[in-house]
Amino acid sequence: MARSLGVYAVEGDEREARRRKLEALRESGVNPYPNDFRPTDTTGDVVARFGSSDADELAQLDGEVCLGGRIVSRRDFGKASFLHLQDRRGRLQAYVKRNVVGDEAFALFKQMDLGDFIGVVGKPFRTRTGELTVEVHQLRLLGKSLRPLPEKWHGLTDVEARYRQRYLDTTTNEQVRETFHKRARIIQRLRQFFVDREFFEAETPMMQSVAGGAAARPFVTHHNALDMQLYLRIAPELYLKRLLVGGFDRVFELSRVFRNEGVSTRHNPEFTLLEFYQAYATYRDLMDLTETLFVELADDIAGSRQLSWGEHQLDLSPPWRRVSIPDYVADELDLSLDAVRDLDLPTLRGAADGVGGLLNQDYGKKYGDAAAGYLLMDLFETIAEPELIQPTFVEEYPVAVSPLARRSETAPKFVDRFELFIAGREMANAFSELNDPVDQRQRLETQLEHRAAGDDEAHAMDEDFVRALEHGMPPAAGEGIGVDRLVMMLTDATSIRDVILFPHMRPEKEVPPEA
RNA sequence: GAGCCGUUAGCUCAGCUGGUUAGAGCAUCUGCCUUUUAAGCAGAGGGUCCCGCGUUCGAUCCGCGGACGGCUCACCA
């Protein structure tokens with residue numbers, strides 16, 4: 001305790017001053033935290049109504065406006081003061097004069113600080129400099145703030161503080177608020193897009209006894225009453241397909257999944273995934289749908305199909321480029337297309353030598369075509385991904401890396417699948433769904449072999465899922481879209497933490513205690 | 001998980017080759033100020049220089065270890 005007094009003496013200084021004001025208010029009978037004030041307007045309403053009125057027009061008004069918000073700046077004079085009030089719609093200047101509000105209210109106002117929530121009633125006018133301002137007739141303290149706001153000019157720029165104390169970031173930085181408003185609108189547009197097309201919105205289990213549907217490590221938890229291990233889902237896929245079996249032939253889910261993996265500018269352990277499944281469609285149909293969706297979003301959110309994302313200038317105008325993996329690899333590395341399509345391991349190994357530094361890392365864990373499939377993917381990613389800047393559908397994936405996708409009828413070692421790349425990032429993953437239960441069981445058993453051989457990201461077996469397929473699933477195509485990355489693209493964010501309100505952080509070593 | 005960089009007042013930042021008492025602006029406190037908007041003027045207070053160990057007569061500064069963060073890479077969406 002004595003120690004913390006020393007450590008936090010400085011901040012305590014300002015907080016001490018605010019506490020004293022708080023006590024003084026209470027002693028004079030003022031409740032510093034009332035909840036009986038009802039604003040009838042917002043700053044946005046006032047600007048919309050009076051933003052184009054000149055000083056004379058405003059002078060002839062006889063109505064009042066009533067606002068609630070936080071004091072985010074103030075400029076004091078002896079017997080008057082200007083302040084800016086910020087609410088959900090923006091900020092507006094207010095002018096407090098002692099001879100208007102009265103001595104008592106003005107004395108109270110003098111005790112108010114930056115960061116306090118207040119309610120004001122007053123009349124709009126224009127200042128000498130022409131700024132729309134509310135002349136305050138009455139004011140109330142609605143919520144006392146005991147800690148200082150970040151510096152007014154630079155705002156809060158310390159990245160760590162911005163993420164850990166997002167409330168300060170959003171209070172201070174208008175752009176950040178805008179980004180999250182855009183995110184909310186994107187979520188709504190996504191939902192509406194699928195509802196409009198008669199997709200059923202599903203809510204499937206977040207806690208699963210088998211974490212299926214993707215290749216990723218799950219978070220593990222425990223259910224006490226049932227004394228059983230549960231996993232946070234890594235994907236909703238297997239449940240959404242059960243719904244295809246169950247008669248919902250168009251379904252989607254838009255919510256959180258959890259993957260126990262690294263944190264980076266592109267990864268957060270929990271992230272938002274949109275998955276949708278459409279019966280009687282193929283992955284090719286979903287290409288068209290995806291183009292339509294992205295273009296609608298770009299038009300609405302960014303106002304253009306020409307986007308700037310970090311260092312890249314993007315053009316989302318359809319149709320987008322399509323690239324076949326075996327074609328591309330054979331062409332770029334001057335290999336026999338037949339050998340590549342046949343997943344000929346010696347051919348691919350030889351090519352890997354040429355690419356350099358990419359040989360047999362842990363392909364020993366996999367067998368036969370699987371090893372060749374993984375190798376082909378590594379080859380492709382190494383040589384092609386850096387140039388997948390403009391929207392590109394990459395297609396023809398090896399069966400081994402796609403255990404839930406439908407086998408191609410023309411190239412049986414490949415599946416009917418695409419991934420969408422933009423700015424080198426994977427934005428979507430889609431395929432014609434495997435609805436052959438015999439093939440599905442076999443594929444998952446192969447995954448189990450990989451798992452037994454040490455690949456802890458191999459897919460798990462889900463017996464009930466296979467049983468569901470045995471009851472019959474309509475032919476369908478499904479897709480997953482990484483919503484956070486989509487938001488990043490549409491808001492020109494380079495870190496996923498800039499589009500997630502409360503990104504994952506290590507715990508602080510100590511939160512400063514009460515002084 | 002690896003590499004590089006960073007951490008100084010509540011906030012934004014200076015701080016020379018290791019040398020007396022670590023500075024500025026904003027914020028806070030006191031006084032003045034009724035059209036300001038990074039308001040102004042005068043004054044005051046506020047620091048475990050991220051933590052620990054070491055080197056040194058002496059460390060915010062150099063070395064080692066650690067914590068947290070950023071970027072890049074790896075895994076992935």
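Naming: A, B, ... by sequence-line order, numbering from 1 per chain.
- In this structure, of B:U36, B:U34, B:A74, it is B:U36 that holds the atom nearest to the side chain of A:Q93.
- With distances taken from any side-chain atom of A:Y95 to the nucleotides B:U12, B:U34, B:G69, the minimum falls on B:U34.
- Taking atom C1' on both nucleotides, B:G15 is separated from B:G25 by 15 Å, rounded to a whole Å.
- The CZ-C1' distance, from A:R128 to B:U34, rounds to 10 Å in whole Å.
- B:U60 and B:C75: their C1' atoms are spaced 39 Å apart (whole Å).
- Checking A:T204 against A:E253 by side-chain atom types alone, a donor-acceptor pair falls below 3.5 Å.
- The residue A:R164 sits close only to the backbone: its heavy atoms come under 4.0 Å of sugar-phosphate atoms, none of a base.
- One C1' atom belongs to B:G52, the other to B:G46, and the distance between them is 27 Å to the nearest Å.
- Atom CD of A:E296 is separated from atom CZ of A:R189 by 5.5 Å, given to the nearest 0.5 angstrom.
- Between the side chain of A:E396 and the backbone N or O of A:F414, no donor-acceptor pair lies under 3.5 Å.
- Rounded to whole angstrom, the span from the CE atom of A:M505 across to the C1' atom of B:G70 amounts to 10 Å.
- Note that CZ of A:R20 and CD of A:E27 are 12.5 Å apart. Values are rounded to the nearest 0.5 Å.
- Of the candidate nucleotides B:U35, B:C68, B:G25, B:U35 has the atom lying nearest to any side-chain atom of A:T127.
- Of the candidate nucleotides B:U12, B:G69, B:U36, B:G69 has the atom lying nearest to any side-chain atom of A:E160.
- Contact check, A:T157 against B:U12: a side-chain N or O comes under 4.0 Å of OP1 or OP2.
- Counting non-hydrogen atoms under 4.0 angstrom, A:N99 reaches a base of the nucleic acid.
- Computed from coordinates, the A:D113 CG to B:C29 C1' distance equals 11 Å when rounded to whole Å.
- You'll find the side chain of A:W320 stays beyond 4.5 Å of the side chain of A:T392, heavy atoms only.
- B:A14 and B:C71 are spaced 24 Å apart, taking the C1' atom of each and rounding to whole Å.
- Rounded to whole Å, the distance from CZ on A:R126 to P on B:U36 is 16 Å.
- Among the atoms of the strands shown, none is found under 4.0 Å from any heavy atom of A:G482.
- Spacing between B:C61 and B:G19 at atom C1', rounded to whole Å, works out to 11 Å.
- Across the protein-nucleic acid pair, A:L132 atom CG and B:U35 atom P stand 19 Å apart, rounded to whole Å.
- Side-chain contact annotation: A:T42 with A:D87, donor-acceptor N/O pair under 3.5 Å absent.
- Ranking B:C68, B:U34, B:A38 by closeness to the A:W153 side chain, first place goes to B:A38.
- The side chain of A:T265 places an N or O atom within less than 4.0 Å of a non-bridging phosphate oxygen (OP1 or OP2) of B:U72.
- The side chain of A:R497 sits closest to B:G70 out of B:U36, B:G69, B:G70.
- Here A:F106 lies out of heavy-atom contact (under 4.0 Å) with every strand.
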- Task: Starting at the 5' end of RNA chain B, write a dot or bracket for each base, bracketing those in Watson-Crick or G-U wobble pairs whose two distances are under 3.5 Å and using | for partners on another strand.
- Result: (((((((..((((.....[...)))).(((((.......))))).....(((((..]....))))))))))))....
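- If you measure from atom CG of A:D158 to atom C1' of B:U12, you get 10 Å, rounded to the nearest angstrom.
- Looking at heavy-atom distances under 4.0 Å, A:L156 makes contact with sugar-phosphate atoms alone, never a base.
- Residue side chain A:F77 fails the stacking definition with respect to B:U34, as its ring centre and the base's six-membered ring centre are not both under 5.5 angstrom apart and under 30 degrees in plane angle.
- Residue A:L114 is the one, among A:F82 and A:L114, whose nearest nucleotide of RNA chain B lies closer to the 5' end (criterion: closest heavy atom).
- Within the nucleic acid shown, A:G155 comes within 4.0 Å of sugar-phosphate atoms alone, with no base atom in reach, counting heavy atoms only.
- Here B:C71 is the nucleotide among B:C33, B:C71, B:C29 with the atom lying nearest to any side-chain atom of A:S495.
- Comparing B:G58 with B:C53, their P atoms sit 15 Å apart, to the nearest whole Å.
- Panel note: side chain A:D54, backbone A:E57; a donor-acceptor pair is recorded below 3.5 Å.
- Look at A:R162 and you won't find any side-chain N or O under 4.0 angstrom from OP1 or OP2 of B:G69.
- Each of B:A27, B:C33, B:G69 was ranked by its minimum atom distance to the side chain of A:K110; first place goes to B:C33.
- For the pair A:R506 and B:C68, the criterion of a side-chain N or O lying under 4.0 Å from OP1 or OP2 is met.
- Of the candidate nucleotides B:U36, B:G70, B:G10, B:G10 has the atom lying nearest to any side-chain atom of A:P148.
- Taking only distance into account, the side chain of A:R75 meets the base of B:U36 through a donor-acceptor pair shorter than 3.5 Å.
- One atom, NE2 of A:H154, and another, P of B:G25, lie 14 Å apart when rounded to the nearest Å.
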- Can A:K241 and A:E237 be said to form a salt bridge (Lys or Arg N to Asp or Glu O under 4.0 Å), step by step? CA-CA 6 Å; A:K241 286 189 193 169; A:E237 173 153 358; 2.9 Å; yes
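- Proximity of A:R147 to the phosphate of B:U28: no side-chain N or O atom is located under 4.0 Å from OP1 or OP2.
- Note: A:F418 and A:F393 have perpendicular aromatic rings, judged against thresholds of 30 and 60 degrees for the angle between ring planes.
- Comparing the C1' positions of B:A38 and B:C13 gives a spacing of 15 Å, expressed to the nearest Å.
- For the pair A:F271 and A:R20, nearest-nucleotide mapping onto RNA chain B gives the more 5' position to A:R20.
- Using a 4.0 Å cut-off between charged side-chain N and carboxylate O, A:R19 and A:E23 make no salt bridge.
- Under the 30°/60° scheme for interplanar angles, the aromatic rings of A:H450 and A:Y374 are found to stand perpendicular.
- The separation between A:F109 atom CZ and B:U34 atom C1' is 12 Å, rounded to whole Å.
- The side chain of A:K21 has B:C29 as its nearest neighbour among B:C29, B:U36, B:U34.
- Atom C1' of B:C50 sits at a distance of 38 Å from the matching atom of B:C41, rounded to the whole Å.
- Residue contacts shown for A:N268 include a base, since a base heavy atom lies under 4.0 Å away.
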